[in-house]
Amino acid sequence: QVQLVESGGALVQPGGSLRLSCAASGFTSNYYTIAWFRQAPGKEREGVSCIRISDGVTDYADSVKGRFTISRDNAENTVYLQMTSLKPEDTAVYYCAADRFYYRLGPSYSYWGRGTQVTVSS
């Protein structure tokens with residue numbers, strides 16, 4: 001019943017910006033968490049950022065602190081990941097995940113989107 005719809009992946013130049021969106025449906029309250037993960041070819045999945053919908057508590061991976069900002073639009077049940085100062089090493093498939101528990105950047109989220117490709121290249 002819970003569904004996550006991702007959008008915004010694109011090709012962007014180093015130093016550029018990009019905004020990813022994750023629209024969540026199927027939750028009956030605001031007590032859930034949305035997280036962004038990414039996986040580059042040959043690398044393990046990495047938690048990027050998360051936000052608790054009810055109160056906006058956030059967490060970020062060290063690799064993106066100061067460059068990425070996660071936010072929520074509760075009226076639209078949508079979470080955004082604003083990415084700035086993008087680097088080639090940010091290239092990955094970005095996945096949206098959700099759960100009713102605040103796992104922060106841990107791996108145990110129950111619901112996952114299909115992923116959207118972000119490529120940072122000149």
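These numbers were taken from a predicted model, which means no experiment stands behind them.
- Distance CZ/Arg67 to CD/Gln82: 12.5 Å, rounded to 0.5 Å.
- Residues Ala24 and Leu4 approach most closely at CB-CD2, 3.7 Å, considering heavy atoms.
- Taking every heavy atom of both residues into account, Pro14 and Ser122 meet most closely at CD-N, 3.6 Å.
- Counting heavy atoms from C-beta on, the side chains of Met83 and Leu20 come closer than 4.5 Å.
- Contact of the Ile51 side chain with the Thr33 side chain is not registered, since no non-hydrogen atoms from C-beta on lie closer than 4.5 Å.
- Taking every heavy atom of both residues into account, Gln39 and Arg45 meet most closely at NE2-N, 3.9 Å.
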Test side chain to side chain contact (heavy atoms under 4.5 Å, CB included) applied to Val79 and Ile53, step by step: CA-CA 9 Å; Val79 167; Ile53 300 302; 3.6 Å; yes
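- Every residue was checked against the side chain to side chain donor-acceptor pair (under 3.5 Å) condition with Asn77, not counting sequence neighbours, and none meets it.
- Residues Leu11 and Ser121 form a side-chain contact, since some pair of their non-hydrogen atoms from C-beta on lies under 4.5 Å apart.
- Between atom OG1 of residue Thr69 and atom CZ of residue Arg19 there is a gap of 12.0 Å, rounded to the nearest 0.5 Å.
- In this structure, Gly47 and Ala61 approach most closely via the heavy-atom pair O-CB, 3.2 Å.
- Taking the six-membered ring where tryptophan is involved, the planes of Phe68 and Tyr94 are tilted, since the angle between them lies from 30° to 60°.
- The two atoms that bring Ile70 and Ile34 nearest to each other are CD1-O, 4.1 Å, heavy atoms only.
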Residues Lys65, Asp62; criterion salt bridge (charged side-chain N to carboxylate O under 4.0 Å, His left out); working and verdict: CA-CA 5 Å; Lys65 285 181 179 177; Asp62 289 342; 3.1 Å; yes
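- Legend: residues meeting disulfide (SG to SG under 2.5 Å) with Cys96, ordered by chain and number and at least two apart, are Cys22.
- The backbone N or O of Thr119 sits nowhere less than 3.5 Å from a side-chain atom of Thr91 that would complete a donor-acceptor pair.
- To the nearest 0.5 Å, the span separating CG on Asp90 from CZ on Arg38 amounts to 4.5 Å.
- Under the side-chain contact (heavy atoms from CB on, under 4.5 Å) criterion, Val93 pairs with Tyr95, Gln117, not counting sequence neighbours.
- The distance from atom OH of Tyr103 to atom OG of Ser108, rounded to the nearest 0.5 Å, is 5.0 Å.
- From Ser63, atom OG reaches atom CD of Glu46 across 4.0 Å, with rounding to the nearest 0.5 Å.
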CA sep, side-chain torsions, deciding dist, call: Asp73, Thr78, side chain to side chain donor-acceptor pair (under 3.5 Å): CA-CA 5 Å; Asp73 183 343; Thr78 301; over 6 Å; no
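- Checking Tyr102, Tyr111, Phe101, Phe27 one by one against Tyr32, the ring-ring contact (aromatic ring centres under 6.0 Å, His included) holds for a single residue, Phe27.
- Between Phe37 and Tyr109, a ring centre-to-centre spacing shorter than 6.0 Å is recorded.
- The closest side-chain heavy-atom distance from Leu105 to Cys50 is below 4.5 Å.
- Asn30 and Ser54 share no side-chain donor-acceptor pair at under 3.5 Å.
- You'll find the side chain of Leu81 reaches within 4.5 Å of the side chain of Ser49, heavy atoms only.
- The OG atom of Ser7 sits 8.5 Å away from the OH atom of Tyr80 when rounded to the nearest 0.5 Å.
- Within a 6.0 Å radius of CD in Glu89, other residues, nucleotides and ligands contribute more than 12 heavy atoms.
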